[in-house]
Amino acid sequence: QNVRIMRVANTAAVNDPQQCFVTAGQSPRLNFYKSGGVDVEYVNMSSMTQALQSLRAGHVEFGPAVPGILLPAMAKDPSLDLVSVYKWLPRNANTIVVKPGSPIKTAADLAGKRIGVRSQGDAGVVITKTMLAELGLKDDKCEYIAIGDGAPAGAAIDNERVDAMVAFDTATARIELVGTKLRYVPLTPKFAQLGSGWMCVPRKMLKDERKNLVALFRGIAKSTIFSNANLDAGIDLHWSVYPESKPKGRTEEEARKELAFILKDRKNSWMRRPDDPDQRMGASSLAEWKANIEMAAESSKNPKLAEELGDPNRLFSNELIDEINAFDKQAIVEMAKSFKG
Amino acid sequence: MTTATMMNAESAPQPDIRKPSAAVSTATPQRPRRANPLASTRVQSILLLFTLLGSWEAAVRVFKLPRHLVPPVSDIAVALWRGLATGPMAKDGFWYHGGVTLAEILLGFVIGSGIGLAIGIIVSQMPKVEALVEPYVAALQSVPKVAVAPIIVVWLGFGISSKVVIICLLTFFPVLVTSIAGFKAVDPDRIDLLRSLSATPWQIFRKAKFPSALPYVFAGLNMAAAFSVVGAVVGEFVGAQAGLGVLILQMEAQADTGGSFAVCVVLSVIGIALTSMLRRVQRRVLHWMPADASQRTVNA
Amino acid sequence: MTTATMMNAESAPQPDIRKPSAAVSTATPQRPRRANPLASTRVQSILLLFTLLGSWEAAVRVFKLPRHLVPPVSDIAVALWRGLATGPMAKDGFWYHGGVTLAEILLGFVIGSGIGLAIGIIVSQMPKVEALVEPYVAALQSVPKVAVAPIIVVWLGFGISSKVVIICLLTFFPVLVTSIAGFKAVDPDRIDLLRSLSATPWQIFRKAKFPSALPYVFAGLNMAAAFSVVGAVVGEFVGAQAGLGVLILQMEAQADTGGSFAVCVVLSVIGIALTSMLRRVQRRVLHWMPADASQRTVNA
Amino acid sequence: MNTTLLEPSPARSAAGKSDYIRIEGLSKNFGAGNDGVLALKQIDCTIQQGSFVTIVGPSGCGKSTLLRILAGLLDYNVGNVMLDGQPIHGTRRDVGVVFQSSILLPWRTILDNVMLPAEVLGIDRKQARERAMQLLQMVRLEGFEHKLPRQLSGGMQQRASIARALLHDPKILLMDEPFGALDAMTRERMNIELQRIWMESGKTVVLITHSIPEAVFLGDKVFVMSPRPGTLERVLPIDLPRPRTMEVMSHPTFAAATASIRERFSHAASFD
Amino acid sequence: MNTTLLEPSPARSAAGKSDYIRIEGLSKNFGAGNDGVLALKQIDCTIQQGSFVTIVGPSGCGKSTLLRILAGLLDYNVGNVMLDGQPIHGTRRDVGVVFQSSILLPWRTILDNVMLPAEVLGIDRKQARERAMQLLQMVRLEGFEHKLPRQLSGGMQQRASIARALLHDPKILLMDEPFGALDAMTRERMNIELQRIWMESGKTVVLITHSIPEAVFLGDKVFVMSPRPGTLERVLPIDLPRPRTMEVMSHPTFAAATASIRERFSHAASFD
Ligand SMILES: Nc1ncnc2c1ncn2[C@@H]1O[C@H](COP(=O)(O)OP(=O)(O)OP(=O)(O)O)[C@@H](O)[C@H]1O
Ligand SMILES: Nc1ncnc2c1ncn2[C@@H]1O[C@H](COP(=O)(O)OP(=O)(O)OP(=O)(O)O)[C@@H](O)[C@H]1O
Ligand SMILES: [Mg+2]
Ligand SMILES: [Mg+2]
């Protein structure tokens, strides 16, 4: 049986149990991907920009799209022709974290501060700019410092080398995992309503490999539902596929407890909002993309961004969504609930 | 006194006949030889090691330093053990990642220094080309190659090939530069000796120039060996799916500092192995040189 | 024939009196000297450069290569210009970041190689300590120091100090190792000469050992200079607020590959400046050595 | 090529008196124009086949330069240098050169160094090896065949280089201070040995030396050169019977010859 | 310390006949136990103040070892070595040593090299400098004061090292083959110069040489040593008038002495 390996740009740089929302289905016990003739391979890299360049260069088949970075890049370079075909984080998974005793209480307090980001090419920079722009603080004067992941980032926050960190929940979770105490600062209201993550593919691939893409994203949708229904099982399956992400310093029990605690709330970012009229996994909407363009225009200080990008409909596509969703979600939930480790 | 005795005085092997006084000088005052002074130094040396490691461990425990900042020695040892006690394809083990890194290092080293040597030979046989190219070699070798590592990863992707090219870039220059210097330093008398025998250019190259330049070439190779480890680690830091550099990042992300120290130990072992292999080859090839002739390497 | 003429034959300066034949050898067949062969090579060399840069530019334009993968030369030039045409404190300019990187390099180089030299001197004056320490120096210098860069950044933060320490680590070992080797290689005859004059140990050190070891020390310093640039870049890659390494990452993040090439150019200039400064010092201090005595350095 | 060369060859008696090497108006300038160094100026001389010529002169007078021209290693600007009626341009296979420094290849054993000419000239290996062993014995290096050059003293190295120059049995032997690194006693022995080889083989030998007694002891003729620009100041024929032994040194002709040469290098003359 | 040492000193006539240096039953072993090398064996001899002793012997017989012991650079195991009634242990300030290789410090100019003893011994700089210039003139290196050692030939370097050994006007001069790198003609000149210095200053000189004529020419006594383990085989007094000139070489006493020594180094004797 020929399996098409679909490589994904992993901008988290390392493998992480929260990826179980994608990776659980890779386990032979679930076999969500191979049954459709595809499989996922993570390619680790350190920034979103590297991901875009890798997509263009063909080093990966699909990758995460953060509108704040993707849209200005596409405007600047017409040859970067990517289509967002699957919305993988329907809720906003971006986070602002500070030390528990920090004077920073709201996003507005970030202005002029030293903001920790994972790397210079990370989304944290544009996310911060986007939120400050929403608050009317256009000239933010913030200093962005690359503090990396996990322990180094935790140490930087702990030792007050940065005043706050802005990153995806996956990244901030890993900081908590290594034992650093963090306080979460609420996102700005308008931004908080937006989804935060899409998966994009080169337009050419959407044409050429439609069948494989459907199988791929169906596998992701199934994995997400499965892990959401039984997080413990999801984590176990992830660890069985990626043993290197299993923490070595402490026992498995401790690690699982910590993870379960951290992901208790966060796991919902992967699921549709209950009040969302479109409950199809991965579906996008034009309104949402218009908002994305507007925010990207503000954060990148380019009022002509919408013009340069042209028709917003070319930025995303729902054409695979119905096929992706053509499976029995309830069956997956049942399967997860009855899953024995 | 017979002729025979006189001849003996000559044929008795001496360390360096031409300079007998060199051997004498440090023998004053004569120290009484101990049973095995070397062994005793070694024992002391090992004792020192254990004392150092012991006090490290004790310091970490007594002062309750956070493990993810200063790992106790025992953490490193455990991580080392766990990493080694894995199957060759286990993605959380040292064998798999170490194998990838080693493959990158060996490929990059061989290709990079091979090309460096080849171009060095070609260029230095053509004085005109050499004069033309030399300023650019000098300028290019000053470009910090690690700075272009991210660009190379973008060009060539996250697999082994981008690391191999980074290592090639790093190893190419030291070998090129030293081999050009080596061919330049060939004693012209040696060339004249062969010319006086009506030797062909190829004979002159084979019998005089190439062997004369070899000590320089090896100096370059030693440097290249050290650089190749650096190149692999930096390349993997910048973007890779596997390799010890990736493992370091992964462990750092899990605050497993003991683990990343353990990976450093593995990297050192690879570095030491490479260097000592090279040194063995060098000792065989340059067997005619005095042993102490600057067998030094430094890893970055 | 007078005595005077005979003396002239002697006192006429010759390149190397002891080996007059060395100078002769390559003079066959005698080439007709051109007006200024050096200048002509230089002109050719520069022509070659422009040809290469021109065809690079042309290739990018003709084949419509994407600029963020292969930036045209003009992009690099523009980025270079833009980066240089900034105020000294502008956070998007080369002066600010270059200044930070240069400060790191100079501090790290001076401190690291200073400590390396000092310990090298102390250790090599005490043969017992040297024997004790030597295996650890050999093992530690094989640890790829860039691999521990992330840990050092965790310890010391994202400011200049962590980079200085990384550079110190990188520069310490080459200087230590070469200076130990240098003191070991001191011709014992020279020590005997001073002993025969009843010189004190301090006189022996000052007048014989130290100057004898200097060529080795400079070999180490040259290597250290190259390493210090590498250390700064890697340290800034791993985590920093400012510096040319940060600038490279930022530009990469903006897909401004031309810009990051321009930063590489700036880094090269710093490397070349450092090396040539060191070489000037070396030439002055080691003025007594033949000029060609291996003035080679390689940047990683 | 005759490889059993320790045997006498028939050359000596018959062709003895012909002008084998003929140098006419030879000048040699290093570098061009005014900043050049005139090393040799207007040298005229002939060397007969099978004869033994020694050259003395102050340091830097151009002795080595002259020898290198004869070896074909150096081009000349003005004048003619003929060997056996042919102008010398480039090296020849029937010339053996002993250089001022011994120039042994440090990575080869002594035997392999001596065998070098055989490899380059394509002489049969086995025969060459046999001959190399004979020559090493002659220069008293038996037992050192498999040592490396650096394991030998300077004098021993120089003797090895003499063996090497003889390996391919060259008709012409050019020697640039071959005995400089030898101590006085060994030097005397080597002089006698060289005389023997020359007498037995009928080679034409040109030998440079700093030692006036050596020049007189060995030479049929002594060429005395002046300081730079080197001219051939005098050709002194030495009329002493062959084979000469150390006793010849007390011969009045010997004393007269050395005194006459030494006179030119009067006093401050040849401090190096 | 008397720094105007080119002037004659009063030492010679009076103390001439005392046993200045006395060596009794001296043996020297390098290394320990059975694997050691016995370099010197049972040396007994005396050297009178102000006398000139030359030492000859085959290579490796322990000549340098003996000299190093006299210089206080090397300890000895068995026997006594007395200087002026005191056992020698450690170096002395009134000894000058010329080493077998010239050992010039390559980073110092020739003048600074010659001045080295003044720096170490704390002699007044200006006076020392004057004296250094005189000495350099004596060894015919005037004009080369500010050159570096590598710009000089081997022979010139050796002459500089002789000047250095004389700078602090040592009472005892120990010379290990000081003229090895000189060409024959310069060597003869230096012999005469050394004889003059010695006669004028009344120093005690011990000189090692490979050249039998040189040993006989210079020495009041010639010590002839046997191969390893080095024993003092013979002490040959040379009864030739002073100052000796080159003509002495044709003196029958000279011939007899050299012949007698050469006989011991018969034939294969001293190839190096
Ligand atoms: N390639 C060269 N370029 C310029 N000058 C040269 C060259 N080769 C030799 N000379 C000069 O030519 C002169 C003669 O040199 P040569 O080596 O022939 O002297 P020599 O008589 O052999 O001296 P020695 O006795 O010291 O060996 C010297 O003044 C030397 O400086
Ligand atoms: N430090 C040492 N350790 C062991 N053996 C030594 C040492 N120094 C000298 N020897 C040996 O002692 C012997 C005498 O050496 P020495 O240098 O005194 O000889 P020499 O007569 O001066 O020889 P040459 O004429 O070659 O200078 C030699 O066999 C030498 O190998
Ligand atoms: Mg010469
Ligand atoms: Mg000796």
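Each chain gets a letter, A, B and so on, in the order the sequences are listed, and its residues count up from 1.
The number of heavy-atom neighbours closer than 6.0 Å to NZ of B:K209, taken from other residues, nucleotides and ligands shown, is above 12. Heavy-atom neighbours of B:Q125 CD from other residues, nucleotides or ligands within 6.0 Å: above the threshold of 12.
With rounding to the nearest 0.5 angstrom, the CG atom of D:L105 is 9.5 Å from the CH2 atom of B:W288. The CZ atom of B:R206 sits 8.0 Å away from the CD atom of D:E119 when rounded to the nearest 0.5 Å. The structure places CG of B:D187 at 7.0 Å from OG of D:S101, a figure rounded to the nearest 0.5 Å. For the atom pair B:Q203 CD and D:L116 CG, the distance stands at 9.0 Å (nearest 0.5 Å).
When each of D:G90, D:A71, D:G96, D:P106 is scored by its heavy-atom pairs under 4.5 Å with chain B, the top score falls to D:P106. With respect to chain D, the highest number of heavy-atom pairs below 4.5 Å among B:L194, B:L193, B:T200, B:L286 belongs to B:L193.
Under the 4.5 Å side-chain criterion, counting only non-hydrogen atoms from C-beta, D:V97 is not in contact with B:L197. Between B:D189 and D:F99 the shortest side-chain heavy-atom distance does not fall below 4.5 Å. Between D:R108 and B:K207 the shortest side-chain heavy-atom distance falls below 4.5 Å.
At a cut-off of 3.5 Å, with distance as the only test, no side-chain donor of B:S196 or D:T91 sits close to an acceptor on the other residue.
Interface residue D:L148: only side-chain heavy atoms are found under 4.5 Å from chain B.
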